[in-house]
Peer 1: 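The structure follows.
This one's a predicted model, so the numbers in the text were calculated from it and none came from an experiment. Both backbone and side-chain heavy atoms feed into the values below; hydrogens, waters and symmetry mates do not.
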Amino acid sequence: MKRITFGWIIVCLLAANCFCLSAQSSDKKAQNRVIKVKTPARPAGQTDVLSLQCDPIPTVRVAFIGLGMRGPGAVERMTHIDGVEIVALCDVEQKNVEKCNAKLVAKGLPKAKEFYGDTEVWRQVTALPNVDLVYVATDWVHHAVIGVQAMKEGKHVAIEVPAAMSMQEIWDLINTSEQTRKHCIQLENCVYDFFELTTLNMVQQGLLGEIIHGEGAYIHGLQPYWDQYWKNWRMEFNEKHRGDVYPTHGLGPVCQAMNIHRGDKLNYLVAMDTKAIGNPAYIKEKTGRTVENFRNGDHTCTMISTEKGKSILIEHNVTSPRPYNRMYQLTGTKGFANKYPVEGFALDGGEIDASIAANHENLTAHSFVPEKVKTALMQKYKHPIAKDIEEKAKQVGGHGGMDFIMDYRLIYCLQKGLPLDMDVYDLAEWCSLIPLTEISLDNNSAPVEIPDFTRGGWNKLDGLHFAQ
Ligand SMILES: NC(=O)c1ccc[n+]([C@@H]2O[C@H](COP(=O)([O-])OP(=O)(O)OC[C@H]3O[C@@H](n4cnc5c(N)ncnc54)[C@H](O)[C@@H]3O)[C@@H](O)[C@H]2O)c1
């Protein structure tokens with residue numbers, strides 16, 4: 001009997017050992033399948049900029065670089081914020097600078113210093129001594145180089161989306177922010193839209209349970225705009241690059257709801273695209289030029305897996321005849337939020353508080369809550385920062401008000417010396433899809449590692465908190 005038991009123990013131990021070895025080797029195999037992406041070592045003496053706080057700046061002196069379609073709206077919005085001085089305006093084109101300055105003068109504000117003439121003139125702006133914040137709204141390829149130089153010359157920097165287009169640019173911005181201890185953020189306005197802010201608040205209060213899946217997109221036919229971009233920069237980028245080249249509007253709000261680099265992290269992605277039809281056809285029709293190898297497909301889908309076992313789907317399409325759509329969808333263990341094409345919430349009935357659920361039977365997650373309940377939820381869970389500024393934001397505008405909330409929050413935090421709502425690691429994570437989806441697509445949709453841009457700090461912060 002004893003011998004049998006001992007024999008069985010040996011057999012069991014051997015079997016367990018084999019199982020562990022095979023589990024280990026299948027784990028290893030799974031890891032080997034992911035294409036590794038280099039994370040440069042943090043230079044000695046440099047530390048992270050998580051929750052970076054800088055000296056308060058009661059009057060924020062702002063310089064704008066890039067005044068095409070997007071920039072002038074930002075200049076206008078800043079004129080509505082107390083404690084802002086617009087001290088410099090810069091664009092390659094003289095007329096763009098003069099038009100903005102004329103608007104300042106018409107409002108009774110001091111004329112800003114003007115810089116124009118070529119693509120290097122911005123260097124005089126970042127070198128100015130009397131500037132606190134450089135606000136960049138140029139084409140994509142000039143974003144990072146301006147951002148890096150501005151920080152090196154002692155300025156905080158806010159850069160339009162996407163702020164960086166390659167891994168080199170991403171790491172340059174991170175390293176410069178860490179070295180100089182200057183804020184470097186991306187001007188991601190979509191995280192401030194009213195539905196997204198309300199939903200974020202619901203998530204943070206636990207109404208939707210644990211968020212396990214999120215979706216976001218940039219689906220917007222750009223045909224009315226292609227001809228208006230300065231020197232055709234946007235079509236050119238799409239012609240030369242395959243992948244999700246504009247991921248931040250879709251990814252930003254989902255990452256915030258999932259506390260990315262504040263308790264979870266993006267681990268790897270897989271991308272898949274269609275062939276390119278719409279954009280090359282547009283070029284042919286407009287210019288007669290046949291593009292043989294237009295790189296970017298009409299529609300790109302990217303799936304991301306996180307450390308804590310969550311998934312994200314991000315889509316990009318700027319050519320097909322479809323209604324505008326950023327998707328924004330969150331699936332939680334207790335509820336569901338969806339923004340496009342219909343805004344709505346579906347909730348596990350038990351989670352709704354009695355005053356809201358009153359008179360509504362069958363509140364199950366099988367359908368959206370009735371309009372009345374949705375309105376009550378939107379009111380009850382209105383985000384504190386929206387409460388403060390909603391009315392003025394709607395008056396000033398900018399995509400319905402979210403652009404103003406973004407600028408207002410940036411200035412508010414700078415004036416008070418608070419950490420900004422977004423940091424350079426958000427910028428890095430949201431922009432990293434641009435180079436990383438290209439790698440995945442060029443390798444038959446292989447999984448590609450998403451680096452931990454905090455270099456070990458992704459679990460230091462306990463969730464996302466907007467400073468007050
Ligand atoms: N967040 C949003 O909702 C949103 C909306 C639209 C555009 N954007 C972003 O804003 C940026 C600008 O887009 P746009 O539509 O205004 O493009 P645009 O082509 O209309 O404007 C770009 C401007 O930058 C200027 N410029 C280019 N290189 C420069 C340089 N080196 N120095 C100074 N000026 C330079 C050009 O002269 C042009 O006036 C892009 O990054 C775009 O993705 C964001």
Side-chain angles (χ1 to χ4, degrees), residues 48-53 158 161 163 174 177 183-216 247-267 304 306-312 314 326 328-335 337 339 381-389 402 405-406 408-410 412-414 416-433 450 452-468:
D48 69 53
V49 283
L50 292 161
S51 299
L52 179 69
Q53 285 190 264
V161 296
I174 292 173
S177 179
H183 291 293
C184 174
I185 64 148
Q186 178 168 249
L187 291 158
E188 183 38 81
N189 47 347
C190 297
V191 301
Y192 294 102
D193 212 349
F194 298 103
F195 187 84
E196 283 83 339
L197 276 176
T198 306
T199 309
L200 179 66
N201 196 23
M202 284 179 179
V203 171
Q204 292 182 341
Q205 312 268 333
L207 189 74
L208 305 185
E210 184 179 357
I211 302 302
I212 54 158
H213 176 74
E215 302 191 1
T248 73
H249 290 332
L251 188 54
V254 174
C255 284
Q256 287 197 338
M258 287 189 180
N259 290 319
I260 298 302
H261 84 256
R262 298 162 178 95
D264 197 357
K265 75 181 180 72
L266 307 178
N267 272 356
I304 301 171
T306 82
E307 178 71 16
K308 294 278 171 82
K310 298 159 181 209
S311 59
I312 302 173
I314 301 295
R326 297 203 304 270
Y328 189 57
Q329 193 182 87
L330 297 177
T331 300
T333 52
K334 303 240 179 238
K339 174 154 172 164
Y381 288 94
K382 191 175 281 186
H383 197 285
I385 68 171
K387 263 186 210 158
D388 285 352
I389 200 70
M402 66 183 180
I405 300 183
M406 170 182 75
Y408 168 84
R409 283 293 300 171
L410 168 61
Y412 176 90
C413 293
L414 288 175
K416 299 236 171 335
L418 297 168
L420 305 187
D421 298 342
M422 295 176 277
D423 61 23
V424 74
Y425 309 113
D426 292 309
L427 177 162
E429 286 149 3
W430 306 347
C431 289
S432 72
L433 262 63
I450 304 177
D452 169 14
F453 293 101
T454 65
R455 290 180 279 206
W458 65 271
N459 210 8
K460 269 195 201 170
L461 301 180
D462 183 17
L464 168 71
H465 306 284
F466 290 159
Q468 287 289 346

Peer 1: Enter the distance from K382:NZ to D388:CG here, rounded to the nearest 0.5 Å.
Peer 2: 11.0 Å
Peer 1: Do the side chain of Q329 and the main chain of E215 share a donor and acceptor less than 3.5 angstrom apart?
Peer 2: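 No: the side chain of Q329 does not pair with the backbone of E215.
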Peer 1: With sequence neighbours excluded, tell me which residues meet side chain to side chain contact (heavy atoms under 4.5 Å, CB included) with N267.
Peer 2: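 With neighbours one apart ignored, the set is K265, E307.
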Peer 1: Between M402 and N189, is the side-chain contact (heavy atoms from CB on, under 4.5 Å) condition met? List the steps.
Peer 2: CA-CA 6 Å; M402 66 183 180; N189 47 347; 3.8 Å; yes
Peer 1: Could you check whether any side-chain N or O of K334 sits under 3.5 Å from a backbone N or O of G206, counting only pairs where one atom can act as donor and the other as acceptor?
Peer 2: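 Flag not set: sc K334 to bb G206 has no pair under 3.5 Å.
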Peer 1: Shortest non-hydrogen contact from M422 to V191?
Peer 2: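 M422 and V191 have their closest heavy atoms at SD-CG2, 4.1 Å.
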Peer 1: What's the separation between atom CG in N259 and atom CG in D264, rounded to the nearest 0.5 Å?
Peer 2: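 CG of D264 is found 8.0 Å from CG of N259.
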Peer 1: Please lay out, stage by stage, how R409 and I405 fare under the test side-chain contact (heavy atoms from CB on, under 4.5 Å).
Peer 2: CA-CA 6 Å; R409 283 293 300 171; I405 300 183; 4.2 Å; yes
Peer 1: Between Q53 (side chain only) and G417 (backbone N and O only), is there a donor and an acceptor less than 3.5 Å apart?
Peer 2: yes
Peer 1: Could you give the distance from CE (M202) to CG (L207), rounded to the nearest 0.5 Å?
Peer 2: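 CG of L207 is found 6.0 Å from CE of M202.
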Peer 1: Can you name the side chain to side chain donor-acceptor pair (under 3.5 Å) partners of N201, sequence neighbours left out?
Peer 2: Q205
Peer 1: Specify the closest pair of heavy atoms between L427 and C184, including all atoms of both residues, with the distance to one decimal.
Peer 2: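 Shortest heavy-atom separation between L427 and C184 comes out as CD1-SG, 3.9 Å.
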Peer 1: Looking only at heavy atoms, what is the nearest atom pair of P253 and T248, with distance?
Peer 2: CD-O, 4.2 Å
Peer 1: CZ/R326 to CG/D193 distance, rounded to the nearest 0.5 angstrom?
Peer 2: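 The distance works out to 5.0 Å.
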Peer 1: Verify, without hydrogens or angle tests, whether E188 (side chain) and H249 (backbone) share a donor-acceptor contact under 3.5 angstrom.
Peer 2: yes
Peer 1: Could you measure the distance from the CD1 atom of I304 to the CG atom of L433? Nearest 0.5 Å is fine.
Peer 2: 4.5 Å
Peer 1: Any side-chain donor paired with an acceptor under 3.5 Å for D421 and Y192?
Peer 2: yes
Peer 1: Any donor and acceptor pair, going by atom type alone, linking the side chain of D426 with main-chain N or O of D423 inside 3.5 Å?
Peer 2: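 Between the backbone of D423 and the side chain of D426 there is a qualifying donor-acceptor contact (under 3.5 Å).
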Peer 1: Atom NZ of K339 and atom CD of E196: how far apart are they, to the nearest 0.5 Å?
Peer 2: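 Rounded to the nearest 0.5 Å, the NZ-CD separation comes out at 3.5 Å.
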Peer 1: Could you tabulate the donor-acceptor pairs under 3.5 Å formed by side-chain atoms of residues 457-468, not counting sequence neighbours?
Peer 2:
from : atom 1 : to   : atom 2 : distance (Å)
K460 : NZ     : D48  : OD2    : 2.4
H465 : NE2    : D462 : O      : 2.8

Peer 1: Do the side chains of L266 and I312 get nearer than 4.5 Å, heavy atoms only?
Peer 2: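 I312 reaches L266 side chain to side chain.
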Peer 1: For I174 versus A428, what's the shortest heavy-atom pair and its separation?
Peer 2: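 In this case the closest contact between I174 and A428 is CD1-CB, 3.7 Å.
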Peer 1: How far apart are the C-alpha atoms of L50 and H261, what are their side-chain angles, what is the distance that settles it, and do they pass the side-chain contact (heavy atoms from CB on, under 4.5 Å) test?
Peer 2: CA-CA 9 Å; L50 292 161; H261 84 256; 3.7 Å; yes
Peer 1: Looking at every non-hydrogen atom in both residues, tell me the closest pair between A257 and V203 and how far apart they are.
Peer 2: O-CG1, 3.6 Å
Peer 1: Would Y425 and D452 satisfy side-chain contact (heavy atoms from CB on, under 4.5 Å), going step by step from the backbone distance to the final call?
Peer 2: CA-CA 9 Å; Y425 309 113; D452 169 14; over 6 Å; no
Peer 1: Is Y412 close to I389 at the side-chain level, that is, under 4.5 Å between some pair of heavy atoms?
Peer 2: no
Peer 1: May I ask you to decide whether E210 forms a salt bridge with K308, counting only side-chain N to carboxylate O separations under 4.0 Å?
Peer 2: no
Peer 1: Looking only at heavy atoms, which two atoms of A386 and L197 are closest? And how far apart?
Peer 2: CB-CD1, 4.0 Å
